[in-house]
Every structure is written in structure tokens, then in C-alpha cells.
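Everything numeric here is computed off the predicted structure, so don't read it as measured data.
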Amino acid sequence: MINKKLEHTLKSYSKIFLIGILVGCICRLTDYFSADTLWSFSSIQTLLGFWIITNTIIVLLSNSNICAGINSFLYMFGMTISFYGLQAILGIFIPLFSGEFRFSLFVMFTILSIPCAVAAFILYYWNKDKVFNSILYSLPVGALVAETITIFTYLLKYHTYLFQLLMDSIGFIVFGIIFFKRAKNKSIYVIALIISTLTFYFIFPW
């Protein structure tokens with residue numbers, strides 16, 4: 001059983017908010033790498049896999065569904081603040097980071113933090129000893145598998161996004177094994193995983 005580290009306290013929420021700010025800064029800085037490379041470090045945060053992996057970890061470490069939802073929102077909001085704020089601050093001193101503050105994107109991703117929080121709130125119910133937990137466990141894994149297939153095809157064609165492919169592959173393998181072991185009904189988990197993979201693959205505009 002994974003030890004719960006995130007609690008329903010101001011101190012715990014402050015930590016996850018600061019982590020979000022730190023991760024946002026890192027993503028902002030890697031955004032200045034060249035996009036046309038095999039590893040494509042500049043696009044770490046542009047695909048769903050990064051968000052799915054980090055938010056899944058947050059849900060796993062939270063001690064309640066409310067805690068998971070708030071943590072997810074604060075993490076995403078912290079990332080949004082630092083990602084768009086860092087460019088504006090550093091642009092004053094370093095020409096490389098010059099550019100206006102993208103207020104519309106800031107608002108958009110702030111709003112998108114809300115459905116992420118709702119998803120985290122719902123996914124936490126996979127801790128219930130009920131059959132439906134097998135379906136909830138399959139959702140993030142299915143999304144990662146779908147994106148891995150898409151990125152692999154893209155890599156073969158354009159020779160880029162290798163880092164994202166490895167990240168998603170490791171994510172769905174690790175979570176896939178952990179969730180398979182924890183699923184109430186293994187058969188339902190496997191069936192739901194196949195369905196969720198196909199659903200994400202065909203619905204999302206990869």
C-alpha cells in the first residue's frame with residue numbers, strides 16, 4: 001500500500017502549491033530547448049501524459065477525495081502561475097525570455113485546473129473496496145497507453161518526442177502493474193483498460 005503523504009492541512013497544501021510552482025518553472029525553462037530534436041525536451045508539458053502521470057501521483061499520495069481534488073487544483077494552478085509568470089519576470093533581465101504575459105492562456109489553463117481537480121476527486125474513490133475501483137484504475141493507464149501508441153507512430157514518422165514516449169511508456173507500465181494488483185476485479189480491470197485505451201485513442205485529437 002502506498003503511504004499517504006498529502007493531508008487536508010494548510011501546510012500540506014502549501015507544499016503541493018510550491019511544488020507546482022517549481023515544476024512550472026522547470027517546464028518554462030525546458031520550453032526554450034529546440035523543438036525539432038529527437039528528445040523534444042521543449043514539449044514535456046504539451047502532451048497529456050505529463051499531466052496524467054503527475055496528477056495520478058497526487059491522487060495516490062492524498063488521504064481523501066477532497067484532499068486529492070484540492071491538491072490537483074493547487075498543483076496545476078501553481079504550474080500555470082510560474083509557467084507564464086516566469087517569462088514575464090525573466091524577460092525584464094534576459095532577452096531570451098522576452099515576450100508579453102499571455103493572459104488569455106493563463107486564464108484558460110487556470111480554468112482547466114478545475115476539471116483536473118474534479119477528476120482527481122473522482123479517481124480517489126478507487127480506494128473503495130468496490131468493483132467500480134477496477135474501472136477507475138483503468139482510466140489513467142488507458143490514456144497513457146493511447147498516447148504512447150500515438151507518440152510511437154509519430155516518432156517513427158518524424159523522429160521526435162522520444163522523451164515523451166519513454167515517459168508515457170514507463171508511466172503506463174508502472175501504474176498498470178500497481179493498479180492491476182490493487183484492482184478489486186482483475187478481469188474487469190483488463191476489459192476496462194482495453195475500452196479506455198480505445199476510447200482515448202479515437203476521441204482525443206492527438
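Atoms CG and OG1, from L155 and T148 in turn, are 11.5 Å apart once rounded to the nearest 0.5 Å. Y124 OH to I66 CD1: the interatomic distance, rounded to the nearest 0.5 Å, is 10.5 Å. Here N65 contributes atom CG and L123 contributes atom CG; the two are 11.0 Å apart, rounded to the nearest 0.5 Å. The CG atom of L193 lies 11.5 Å from the OG atom of S134; values are rounded to the nearest 0.5 Å. Note that CG of L86 and CZ of R28 are 7.5 Å apart. Values are rounded to the nearest 0.5 Å. Note that CG of N71 and CD of E7 are 10.5 Å apart. Values are rounded to the nearest 0.5 Å.
You'll find the side chain of I44 stays beyond 4.5 Å of the side chain of F33, heavy atoms only. Two residues are said to be in side-chain contact when any heavy atoms from C-beta on lie closer than 4.5 Å; M76 and L112 fail this criterion. Contact annotation: the side chain of I135 approaches that of I188 to within less than 4.5 Å [non-hydrogen atoms, C-beta and beyond]. Considering only heavy atoms from C-beta on, D31 comes within 4.5 Å of F83 through its side chain. Taking the side chain as every heavy atom from C-beta outward, L144 and L48 never approach each other to under 4.5 Å.
The hydrophobic clustering, which links ILVMFWY residues whose side-chain heavy atoms are closer than 4.5 Å, places I58 and L22 apart. Note: the hydrophobic cluster containing I195 does not contain V141 (ILVMFWY, side chain heavy atoms under 4.5 Å, direct or indirect links). F73 and L10 are not part of a single hydrophobic cluster, where members link through side-chain heavy atoms under 4.5 Å apart. The hydrophobic cluster containing I151 also contains L156, counting ILVMFWY residues as joined when their side-chain heavy atoms lie under 4.5 angstrom apart, directly or transitively. Residues F163 and L166 share a hydrophobic cluster, clusters being chains of Ile/Leu/Val/Met/Phe/Trp/Tyr side chains in contact below 4.5 Å.
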Under 3.5 Å, which donor-acceptor pairs do the side chains of residues 169-181 form with other protein atoms, sequence neighbours left out?
residue, atom, partner, partner atom, Å
S169, OG, L165, O, 2.7

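Ring geometry, F41 versus W39: the interplanar angle falls under 30°, so the pair is classed parallel (tilted spans 30 to 60°).
Across every non-hydrogen atom of T37 and S34, the tightest pair is OG1-O, 3.6 Å. The heavy-atom pair separating K130 from K184 by the smallest distance is O-CB, 3.3 Å. Residues V131 and N185 share a closest heavy-atom pair of CG1-CB, 4.5 Å. The minimum heavy-atom distance between I53 and M167, with the atom names listed, is CD1-O, 3.4 Å. Listed here is the closest heavy atom pair of M79 and C27: CE-SG, 3.9 Å. Listed here is the closest heavy atom pair of A68 and S62: CA-OG, 3.4 Å.
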Verify side-chain contact (heavy atoms from CB on, under 4.5 Å) between V23 and F50, making sure each step is shown before the conclusion. CA-CA 11 Å; V23 173; F50 176 80; 3.6 Å; yes

Test side-chain contact (heavy atoms from CB on, under 4.5 Å) applied to I111 and M108, step by step: CA-CA 5 Å; I111 293 174; M108 182 184 74; 5.9 Å; no

Could you walk me through whether I16 and I70 pass the side-chain contact (heavy atoms from CB on, under 4.5 Å) test, one step at a time? CA-CA 10 Å; I16 200 66; I70 295 176; over 6 Å; no

Determine whether K15 and L6 satisfy the following criterion, side-chain contact (heavy atoms from CB on, under 4.5 Å), listing intermediate values before the conclusion. CA-CA 9 Å; K15 287 181 179 179; L6 303 176; 5.9 Å; no

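Listed for the Y201 side chain is no donor-acceptor partner under 3.5 Å among the backbone atoms of G142. In this structure, Y137 contributes its side chain and Y189 its backbone to no donor-acceptor pair below 3.5 Å. At distances below 3.5 Å, at least one donor-acceptor pair connects side-chain atoms of Q164 with backbone N or O atoms of S40.
A side-chain donor-acceptor contact under 3.5 Å links S72 and N55. For T110 and T80, the side-chain atoms include no donor-acceptor pair closer than 3.5 Å.
The side-chain hydrogen bond (donor to acceptor under 3.5 Å, both in side chains) search around N133 returns none, not counting sequence neighbours.
Residue-environment remark: NZ (K186) exceeds the threshold of 12 foreign heavy atoms within 6.0 Å. With a 6.0 Å radius and a threshold of 12 heavy atoms from other residues, nucleotides or ligands, Y13 has its OH atom above the threshold.
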